[in-house]
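As the structure is a computational prediction, the values presented were derived from the model and not from experiment. Numbers restart at 1 for each chain; the letters A, B, ... are given by sequence-line order, proteins then strands.
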Amino acid sequence: EAGVAQSPRYKIIEKRQSVAFWCNPISGHATLYWYQQILGQGPKLLIQFQNNGVVDDSQLPKDRFSAERLKGVDSTLKIQPAKLEDSAVYLCASSEWTSGDTGELFFGEGSRLTVL
Amino acid sequence: DAKTTQPNSMESNEEEPVHLPCNHSTISGTDYIHWYRQLPSQGPEYVIHGLTSNVNNRMASLAIAEDRKSSTLILHRATLRDAAVYYCILRSILFQGGKLIFGQGTELSVKP
């Protein structure tokens with residue numbers, strides 16, 4: 001079974017430039033998450049999708065970050081304009097929809113962003 | 001979201017058991033206890049989860065205190081590959097899709 005695919009793996013940009021990250025979740029997984037992980041910290045949830053609708057985006061800095069999940073499959077996270085503090089690994093995860101318990105999250109390897 | 005408290009770091013010797021503690025004194029009755037780990041330069045991966053009873057799987061065991069205010073992840077024989085950051089997370093079944101909120105975790109180092 002193919003895992004969660006993310007690209008690009010690495011990206012270096014200058015501040016005020018824009019960048020986009022792409023995520024392809026595991027086939028059939030209805031829920032998709034984007035996390036930001038700053039060096040030395042645990043992952044921080046940015047946004048959660050259920051199919052192509054947003055469930056939670058309370059931690060997404062909406063003045064510069066945007067995310068979409070067209071057709072309830074692939075997702076794109078965009079940052080425009082980037083700031084130095086956006087340097088981090090951006091992790092995408094997916095899970096099957098569950099009304100209760102588990103729903104194990106499967107994570108991709110992440111996209112490492114460096115803003116100069 | 002209910003909070004968990006874990007030691008920042010722990011050390012273990014290879015092939016010995018490891019007990020990773022987690023305190024969650026404000027846990028509610030609808031919170032499951034989940035453990036994930038993150039190997040260097042990789043995304044987190046699921047380890048185990050439970051509600052009230054102790055749980056075992058091929059990776060680890062989870063021991064949950066009777067009052068559910070603490071739990072312990074047990075690796076029965078640590079290997080070098082188990083060196084990672086281990087996250088203890090409370091996940092409510094009441095929230096749609098059960099979002100996962102990570103803390104700082106415990107960084108486990110394994111000595112040969």
Q: Any salt bridge between A:R9 and A:E109, counting N to O under 4.0 Å?
A: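 Yes.
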Q: Do B:E11 and B:K111 meet the salt-bridge criterion of a basic N to acidic O distance under 4.0 Å?
A: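 Here B:K111 pairs with B:E11 in a salt bridge, since their nearest N and O are under 4.0 Å apart.
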Q: Name the region of A:Q37, side chain, backbone, both or neither, that has any atom closer than 4.5 Å to a heavy atom of chain B.
A: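 For A:Q37, the side chain is the part near chain B, not the backbone.
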Q: Between A:G40, A:G42, A:A93, which residue shows the highest count of heavy-atom pairs closer than 4.5 Å to chain B?
A: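 The candidate making the most pairs under 4.5 Å is A:G42.
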Q: Compute the centroid of each ring, for A:F107 and then for A:Y33, and state whether the two points are separated by less than 6.0 Å.
A: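 Centroid separation for A:F107 and A:Y33: 6.0 Å or greater.
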Q: Quick one: do A:D57 and A:K62 make a salt bridge, cutoff under 4.0 Å?
A: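 A:K62 and A:D57: salt-bridged.
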Q: Which bit of B:Q38 comes within less than 4.5 Å of chain A, counting heavy atoms only: side chain, backbone, both or neither?
A: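 Just its side chain gets close to chain A.
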